[in-house]
Every structure is written in structure tokens, then in C-alpha cells.
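Naming convention: chains lettered A, B, ... in sequence-line order (proteins, then strands); numbering from 1 in each chain.
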There are 2 protein chains.
Amino acid sequence: MTSEASTGEKGGVRPRPTLAAVARLAGVSVSTASLAFSGAGPVSDATKARVAAAADELGYAGPDPRAQSLRRGRSGIIGVVIEERLSDAFRDPMNIALLDGIADVTGAAGSGLLLLTETGDDRAGISSAPMDAIILIGCSTSLEEAVAIVRQRGLPIVAVEARELEGVLPIGLDNRAASATGARHLRSLGHSDIGVVTLPLERSHVPRPLPADWERVATAHTSAERLRGVLDVYPEARGFAASASTIEAGREAGLALLAGDRATVPTAIVAQSDLLAIGVIRAADEVGMIVPGDLSVVGFDGIRGEVLGGIDLTTLVQPAVEKGRAAGRAALQLLDGGPAEPADFTSVFHPGGTTAPPRTR
Amino acid sequence: MTSEASTGEKGGVRPRPTLAAVARLAGVSVSTASLAFSGAGPVSDATKARVAAAADELGYAGPDPRAQSLRRGRSGIIGVVIEERLSDAFRDPMNIALLDGIADVTGAAGSGLLLLTETGDDRAGISSAPMDAIILIGCSTSLEEAVAIVRQRGLPIVAVEARELEGVLPIGLDNRAASATGARHLRSLGHSDIGVVTLPLERSHVPRPLPADWERVATAHTSAERLRGVLDVYPEARGFAASASTIEAGREAGLALLAGDRATVPTAIVAQSDLLAIGVIRAADEVGMIVPGDLSVVGFDGIRGEVLGGIDLTTLVQPAVEKGRAAGRAALQLLDGGPAEPADFTSVFHPGGTTAPPRTR
DNA sequence: GCGCGTAGTCGAATCGATTCGACACGGGCA
DNA sequence: TGCCCGTGTCGAATCGATTCGACTACGCGC
């Protein structure tokens, strides 16, 4: 009878054996088999061995995660919502570092990361994927919407660098203060006319000069905060919104700010990311300006390595990986029911070789 | 009685309402509620409306994905296994492009991507995450192991650029042939002494000269194939295995190959990735060699954009995004029970400005 | 006017595990 | 000798949905 077990010997698409089958073969009840398998509960060694043998014989691959997650009310999956296309989001090393930090923590806790892109109207994932918690990163525009959906599902929400929102645990960065520090550095060097290259401010990532009503139209929290930080010090700064956090977009923005007579262009530019800063430097190079002689450039992020091409960028170094870890930890704590305290990270000013006093003209 | 619905008005951790609760409030059976909600089956408009109203009142967020996935035997999740740490894997734009291609297809089909890293002994994800299929990318060393686990779970497996393996649907690239094409290009230019910088060949990513017994110790399929392609044309080529697919690792390898008397170093280097190639070019620059005057360099991948820094690299352009799409499609087909045919992609040789005839010496 | 098909609804089984409470048995302690 | 408790095992409820088969009316055709 139970020798139907041998079915699996060779056949084609044999259905996955269940715990019940294992129990039957081992001659014990399902509950005992479960106990034996999970190690919880008192089970005699002999029984344990028989169950193990039966499982082995049937090729039982362990409890079905679907059934398990239903019963336990946990799926062991944490959703990560990324606003843009993956290829866009991952162009910036900061996002990768962030994700790496998250993966570091959640991976260690045995949770998987479910990547949810928010492109188009693909709400499907957010509204119906099996998750225990969700981490929003780089989500600006549609934040409210996403939060509403997720909240209705009763999932804990962690948001990295988002504006305060009811029921959302924030992982913050001192964007405004840090940017102000960078700006003050320029002021102390003697700069009085500076430009700002911002990250995309609104949903439509169209590169353009900063509109006067940017406060009203801005939906990207990080960009807005960093901009405020600069304006705190230089209320008159001219701005240009880049189309993305890439070198190319930075170059484009840089060319726009540096166009015109040398006497009328800013003597320093604050870029809201290091990639943008590198682009600005490239633009300066193209219009024949020397950095930092003719133009000082400040970045943000503190990326390292190849992309910099050996440049020692003056920038604000943010602990991206650590930020990711904090987000991961917070998500885990929340889904454990425990309270998680919001984290706030601080960027460190790194004076590099791309800033200097303005050339007297 | 049923006014307990109002509990959710403000309270703390109200448990998520179930379909049963909705049905009760609407005064219909659970089965009818289910039918009404999913739209399947004949339900009168009046009933549908009442169910919808009840769901609305209770704040029902739709069927619990966990229960759904148990019943349906599907979780709507596709696992993507990445061998290394995310920050390492995503340093190479090719991997991002690949993932983007996968996400493109699976996202459109409503499936989420579960990121599983294979760092350490963290088999947890692979062996127990709720997934419907799995895609292995850049998995070399521990391929067999991973495949064994997943196969026992009865999941369809798609592997990108892996060696043939029973029960695994391969998505291939003409690594060997394409590399040979690159090598023949060098031969036709007149080079007779070339070097190869390979991607990591084994688990331990230690940079070192290619050992004589590399065939035996190599576990990375892609690297090995690309190497074979070059050796097909230049059996005597000297090799150096880089520690990663990064510019820095390429530079390091380049310096190693270019050390010594100018007369004894290779006149051309084939790098197994564009990032490595850029590193090699940087190394050449450092030791005072001009590319392509003193040294020709061939890459692999066909990355574009900033990292290249304006270099027109001679390389083999592979359709990475398309490869990802194919992998995604294959996974979807397999989990639909349908047969999926393996895909094989072809790289296109792009003659750039980094190769030239060797300087006569 | 009778029977049959169908729209609409419901009850119950099912997916595969976990876990609580109950039960039987044997040994230690009073 | 009798009682209690811990160990090992089992049955049954439960998680939350989907879906099959059955049942009730009702309308239509013959």
C-alpha cells in the first residue's frame, strides 16, 4: 500500500510529497511528523529517525512555504519598493549600497527581498504580493498612494528619506543640514554666487531650470530637503533640476548653468549627488573652466571608486549601507510586533580638492 | 452585532478583516463573496454591490496572498539567485541590465522578483522561500548544490549562462565563439603575443596569474568559456584572473600583465568584460603605454555611457537586457507548465578605437 | 401544465502545514 | 499502594481563501 512511495523513483512530474505522505510512510501521525521535522516538541529519537528516513525516501523537500506562511501568518518576505525602473535606480551606487545594507540585515534574518518596481500602474505587486513588511526607497511622488494601499493591508511600512507620514517608520538623513554645511563651506571660501544642480524634483524627470514655484511642485523629498539646505545659506542660488542621478544628467545641468559670459556664471556649484557633481565637473571642463580654480564643485553621497576617476570630490559622505541596515532592522522589528525607533543618519563633510576660493575677477 | 465593523475606525492593531467577515456583513456565504470579489462565476449585480460595500466598510484589502497562494499552488513570485553580495553583483552594469530585462517581463506578468543572495551558507532562501520558479544568474560555483535543492522542491529552473545541467533550462550566450571572434580580430591585425584578463574563475576571488590547471579548478562557466574562445585562437596566451568585474580589478590585472620589459609584455589584451578592459587601459596608461599604439585592448559586454569616459572600446556587444527578458519569459512559460525552449544569444563584434596593429619592435 | 435548463447561491472539501488539548503510559515520591 | 507528573503520540481545529457539486427558484419550450 504505502509502497506507492516508490512512485517517485523515476516518474515525470510527480507531485511534491506532502508531510502527510511522509507521516504515513513513517507510520506516525501528521502532527508527530511535523514535530519531528521542526525539532520542536518532544519526540523520541526512534520516531525522529523514522520520519527522517521516510522523508528521505520520498524526497520530501521540507514544509511547503505557502502552507507555512498561511499558518504562521508570515511569509518571510520583505518588499522593497523602488520607484523607477531597476536600470535607472541602480545606476546610482547609493541605491545599490542602500539595498545591499537592507539585504545584509534581512538576509541574515532569513527573509528574502521582494523587488517591487513602481513603474506604470503596476500596483499589482504592492497590493497583492505576500509580504510581511515593506520598505519604500526613493519613493517620492506616489508615496501617499502606495502607503495607503499598504496600510490597508496592515503591513508595517518603513520609508527611507521620506517626509513624515502617519504610520510610516522613517529612516532619515540630515539632507538639509548637511547641504547647508556644504553651502557654508563655500561661503567661508568666499563664494557669493552659486548654482545648485538638483536631483529630479517631480514625477516628470524633465531637465529644466528650477521653477520659482518649486516648493509647490516638488514631490521628491530628498531633493527638496537638500535644496532647502543650500537655500538656507544662499537664498539667491540659481538652480537647475537634473533628469536623473547620472553623470550625463549632471553634465547637461552643468552646461546649462555655466552657459554665458564667464562673469555671469556662478563660481561654485552644489550638486545633489556625486554623480551629478562629476557631470558638472565634466561640463566645466568642456566650457574651459578649471575645477576648483574657476569653479568649485560640491557633491553629495560620498561614493568611492572608479566612477570618480581619481577626483577627490568635496562632498557630504552619507552612510548609505548603514542606512540600509537600519531600514532592514526597523522592518524586522516592526514585523516582530516590537516597537522600532526611527533612525536618523548624519552625513559627514569631506573637504576634497574640488573646492577653493573664487578667482578674483 | 456586526457593528463590530466600526472597531477599525481608530483602534491599534486591528486584525486584517477576512473574506468571511465581509461575507457575514454582506449577508452572503463566503463562497458567494469570493465569487463576487474575483468576478468569476455568476453573481447577481445586487449581490456584487453588497459585497463590495461590505468590503469597503471593513477596509478589506483583498484576498490574503498567503491563503491564495496555498490554494492556488502559486505564489506569483520568481526567485532570482545572485551568487555574490548585491553590491558586488550590481557593480557590473551587465547584471543590472540582465535583472532589468527579467523584471520587465515578470513585472508585466504580475510576478514579483525575490532577490536571493547566495552569500555564506544562507541556503535558507533557496530552500524555503515561496517561489514558483527560479532564475540563476551568475551562479557558478555552487550551481550544482543550488540546483539540487531547488529541483527537490520541484521548481522550474532557468539558468543564465550556466553549463548544461539536467532539468535546467539554459539561456545561453556565445561566449566562446564571440571571444574567439575578438581574438581573431587581434590576429588579423597581426598580434602574436596576447594576454587575457579573466573574470573570477573560482569561488575564491583571488587575483592571480592563470594557473596551468585552470580547466580543473574553474567553476565559473562564463569565464571559462570566454577563456576557451581566446585560447582557441591563441593557445599560448598568458592569462590573469581578476578578482571581480570592476575597473579596479582590471587595472590590477593589467598592471600584472604589463609588468616587465616592454619587449616581453603582450601587445594586446583581451579582457573578459568592459569594466576590466577599462581597467587595463588605465593600467597601460600608468605604465606609459598608449592604447592602441602600444597595446590593443578588447573588452566584452558592450556597456555604454559614463563609465567608458568617452572611450570607443573594441568589444563584443551582448544583448543583456534581451537575455534577461528571455530568462523571464522562460521562467513564466515553465511555471505555466508549457514547454519553454532554451534561448541562445549572439554577441556582435564592435570594432572600436582600442585595437590597432602592433607596433613593430 | 409539466419538465428541463440556467442563473444565483450555498455548503463543504481542499490546499499543507502548525499547534493546542487530550490521552496513555511508566517511573518517582509520599 | 496510590497519586502525580513528564514524556511521547495523536486527533482535530485553524490559517483564509478557492472551487466543485448540489440545491432552489424561475422562465421557457413543447
Side-chain angles (χ1 to χ4, degrees), chain A residues 14-52 54-55 58-76 127-132 152-155, chain B residues 14-52 54-55 58-76 127-132 152-155:
Chain A
R14 114 189 90 137
R16 186 179 166 163
T18 71
L19 185 57
V22 174
R24 208 178 317 132
L25 180 59
V28 299
S29 74
V30 190
S31 35
T32 303
S34 173
L35 264 0
F37 226 87
S38 65
V43 178
S44 73
D45 290 344
T47 309
K48 250 184 225 162
R50 263 188 313 145
V51 171
L58 290 179
Y60 180 65
D64 186 325
R66 285 178 287 256
Q68 231 172 346
S69 68
L70 171 58
R71 186 67 240 256
R72 298 228 252 244
R74 284 282 162 76
S75 61
S127 59
S128 72
M131 306 176 287
D132 300 334
Q152 179 156 50
R153 292 186 56 184
L155 298 178
Chain B
R14 115 191 89 139
R16 188 179 164 161
T18 71
L19 185 57
V22 173
R24 207 177 319 130
L25 180 58
V28 299
S29 74
V30 189
S31 35
T32 303
S34 172
L35 263 2
F37 226 87
S38 64
V43 178
S44 73
D45 289 344
T47 309
K48 250 183 228 164
R50 261 188 313 145
V51 171
L58 291 179
Y60 180 64
D64 185 325
R66 288 179 284 256
Q68 232 172 352
S69 68
L70 170 59
R71 185 67 238 259
R72 297 227 251 247
R74 284 281 163 74
S75 61
S127 59
S128 72
M131 305 176 287
D132 300 334
Q152 180 158 48
R153 292 186 55 184
L155 299 178

Across the strands shown, which category fits B:Pro63 at heavy-atom distances under 4.0 angstrom: base, sugar-phosphate, nothing?
sugar-phosphate

Taking the side chain as everything from C-beta on, heavy atoms only, tell me whether B:Arg50 gets closer than 4.5 Å to B:Thr47.
yes

In whole angstroms, the gap separating C1' of D:dA17 from CZ of B:Phe37 amounts to 12 Å

Working to the nearest 0.5 angstrom, can you tell me the gap between A:Arg72 CZ and A:Asp132 CG?
11.0 Å

When you get a sec, tell me which of D:dC10, C:dT18, C:dG11 is the closest nucleotide to the side chain of B:Ser29?
C:dG11

Identify whether any heavy atom of B:Thr18 sits under 4.0 Å from a base atom; if not, whether one sits that close to sugar-phosphate; answer base, sugar-phosphate or nothing.
sugar-phosphate

Roughly how far, to the nearest 0.5 Å, is CG of B:Leu58 from CG of B:Leu25?
5.0 Å

5'-most contact on DNA chain D: B:Ala67 or B:Ala40, nearest heavy atom basis?
B:Ala67

Taking only side-chain nitrogens and oxygens of B:Ser31, does any of them come within less than 4.0 Å of OP1 or OP2 of C:dC10?
no

Hey, is the side chain of A:Arg72 pairing donor to acceptor with the base of C:dT18 inside 3.5 Å?
no

Contact class for A:Thr47 vs. all strands (heavy atom < 4.0 Å): base, sugar-phosphate, or nothing?
sugar-phosphate

Within this structure, what is the CZ-to-P distance between B:Arg66 and D:dA17, rounded to whole angstrom?
10 Å

With no angle test and no hydrogens, is the base of D:dG8 tied to the side chain of A:Ser44 by a donor-acceptor pair under 3.5 Å?
no

Identify which nucleotide among D:dT7, C:dT9, D:dT18 has an atom closest to any side-chain atom of A:Pro42, counting heavy atoms from C-beta outward.
D:dT7

dist A:Arg153:CZ -> A:Ser128:OG (nearest 0.5 Å) comes out at 6.5 Å

Does B:Thr32 put a side-chain nitrogen or oxygen below 4.0 Å from OP1 or OP2 of C:dC10?
yes

Selected nucleotide, minimal atom distance to B:Leu19 side chain, candidates D:dA17, C:dT9, D:dC15
D:dA17

Whole-Å distance separating the CZ atom of A:Arg24 from the C1' atom of D:dT9:
18 Å

Could you state the CZ-P distance from B:Arg74 to C:dG16, rounded to the nearest angstrom?
14 Å

Have a look at A:Tyr60 and say if it touches a base, only the backbone sugar-phosphate, or nothing, with a 4.0 Å heavy-atom cut-off.
sugar-phosphate

Whole angstroms only, please: what is the CG-P distance between B:Asp64 and D:dA17?
6 Å

Indicate whether OP1 or OP2 belonging to D:dT18 is found under 4.0 Å from a side-chain N or O atom of B:Gln68.
yes

I'd like to know if A:Arg71 and A:Asp64 make a salt bridge, using a cut-off of under 4.0 Å between side-chain N and carboxylate O.
no

Rounding to a whole Å, what distance do you find between A:Leu58:CG and C:dG16:C1'?
15 Å

Whole angstrom value for the distance that separates C1' of D:dT7 from CG of A:Leu35:
12 Å

